[in-house]
Novice: 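This is the structure, below, for whatever I ask next.
In this text the structure is predicted, and so the values were computed from the model without any measurement.
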Amino acid sequence: MFLRRFYGRTALLSSAAKSESAAAAAAAAAGELRTAQNPLEEFFELDRTQEDDNKVVYGRGWKACELRLKSWDDLQKLWYVLLKEKNMLMSQRQMLHAQNLRFQHPERLPKVRKSMCRIKQVLTERAIEDLDPRRSAEMRKMINAL
């Protein structure tokens, strides 16, 4: 019994470490891995100079079929990454609007919103498929609070 608990915990820890390292690798691949001196700096993108003003291509939104393959923990982490991205984009849009400047990439915000809606859709599908009605109701309540 002790060995089962020990190996179960080590398996959980190793899977959590793998998912965290995968999230860090994805952030590094996106070029967004940075350490902020001030926590408020995370609400704004890094300033680009005129030399770096070449065409920047941003990724697409997540598809529901891709999200269905993710675990509950991965979806939760992705939700908070998207929430942070949404807050950053909305803060930047508001700041630029106050200065009468144009928001550079307005198509990014709908991609983030659609991805967040798709995460909620996948979680709702999982809650409906759950056989325990009490757990299903708790999951739906939690999903609606997002």
Side-chain angles (χ1 to χ4, degrees), residues 1-48 55-146:
M1 186 164 144
F2 173 74
L3 291 175
R4 190 179 325 158
R5 285 186 184 170
F6 177 74
Y7 286 118
R9 287 183 183 159
T10 56
L12 287 174
L13 292 175
S14 66
S15 65
K18 287 178 186 176
S19 62
E20 287 177 9
S21 64
E32 291 296 320
L33 189 62
R34 61 180 175 178
T35 57
Q37 299 292 335
N38 184 355
L40 294 176
E41 288 179 8
E42 294 184 14
F43 284 100
F44 303 99
E45 275 190 316
L46 294 173
D47 292 330
R48 295 191 345 235
K55 182 75 173 168
V56 176
V57 179
Y58 294 98
R60 59 174 176 77
W62 285 86
K63 295 180 181 178
C65 61
E66 296 169 338
L67 295 171
R68 286 186 188 101
L69 302 174
K70 299 276 184 198
S71 69
W72 178 271
D73 291 335
D74 288 342
L75 288 176
Q76 183 181 15
K77 289 176 186 176
L78 182 59
W79 174 267
Y80 284 107
V81 167
L82 289 171
L83 184 64
K84 191 174 177 180
E85 180 77 10
K86 179 181 162 190
N87 285 338
M88 187 266 305
L89 290 172
M90 291 178 74
S91 298
Q92 190 174 22
R93 183 179 69 179
Q94 184 65 29
M95 181 192 68
L96 291 171
H97 180 70
Q99 296 174 355
N100 290 329
L101 296 174
R102 190 175 70 86
F103 187 46
Q104 288 289 327
H105 302 283
E107 71 276 0
R108 289 173 63 191
L109 198 53
K111 289 178 187 178
V112 170
R113 285 185 180 146
K114 285 180 185 178
S115 295
M116 291 176 82
C117 287
R118 288 178 182 143
I119 289 176
K120 284 181 84 168
Q121 174 190 349
V122 168
L123 292 176
T124 304
E125 289 172 359
R126 290 183 185 178
I128 290 170
E129 290 175 0
D130 197 357
L131 299 177
D132 184 16
R134 184 176 292 165
R135 184 172 175 207
S136 178
E138 290 174 7
M139 288 175 65
R140 287 183 191 173
K141 192 178 202 180
M142 190 269 313
I143 292 166
N144 289 334
L146 291 178

Novice: Measure the spacing between CD1 of I119 and CG of D74 and express it to the nearest 0.5 Å.
Specialist: 10.5 Å

Novice: What pairs of residues pass the side chain to side chain donor-acceptor pair (under 3.5 Å) test when at least one of them lies in residues 60-69, not counting sequence neighbours?
Specialist: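 Every side chain to side chain donor-acceptor pair (under 3.5 Å) pair that includes a residue of residues 60-69, provided the two are not neighbours, is R60-E66, R68-E125.
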
Novice: Should R108 and M88 be marked as a side-chain contact (heavy atoms from CB on, under 4.5 Å) after you check the CA-CA gap, both sets of side-chain angles, and the distance that decides it?
Specialist: CA-CA 11 Å; R108 289 173 63 191; M88 187 266 305; 3.8 Å; yes

Novice: Are H97 and F103 side-chain neighbours, meaning at least one heavy-atom pair lies under 4.5 Å?
Specialist: no

Novice: Can you name the side-chain contact (heavy atoms from CB on, under 4.5 Å) partners of V112, sequence neighbours left out?
Specialist: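 Residues passing side-chain contact (heavy atoms from CB on, under 4.5 Å) with V112: L82, E85, K86, L89, M116.
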
Novice: Could you go through residues 127-146 and list every donor-acceptor pair under 3.5 Å that involves a side-chain atom there, pairing it with any protein atom two or more places apart or in another chain?
Specialist:
residue	atom	partner	partner atom	Å
S136	OG	A127	O	2.6
N144	ND2	R140	O	3.2

Novice: If the condition is side-chain contact (heavy atoms from CB on, under 4.5 Å), which residues does L101 pass it with, not counting sequence neighbours?
Specialist: L96, Q99

Novice: Suppose the criterion is side chain to side chain donor-acceptor pair (under 3.5 Å): which pairs have a residue in residues 109-120, not counting sequence neighbours?
Specialist: none

Novice: Quick one: are the ring centres of Y58 and H105 less than 6.0 Å apart?
Specialist: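 Yes - the distance between ring centres of Y58 and H105 falls below the 6.0 Å cut-off.
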
Novice: Do the non-hydrogen side-chain atoms of W72 and L123 ever get within less than 4.5 Å of each other?
Specialist: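 They are in contact (side-chain heavy atoms under 4.5 Å apart), so the answer is yes.
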
Novice: What pair of heavy atoms forms the shortest contact from S71 to R126, and how long is it?
Specialist: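 Looking at all heavy atoms of both residues, the closest pair is C-NH1, 3.9 Å.
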
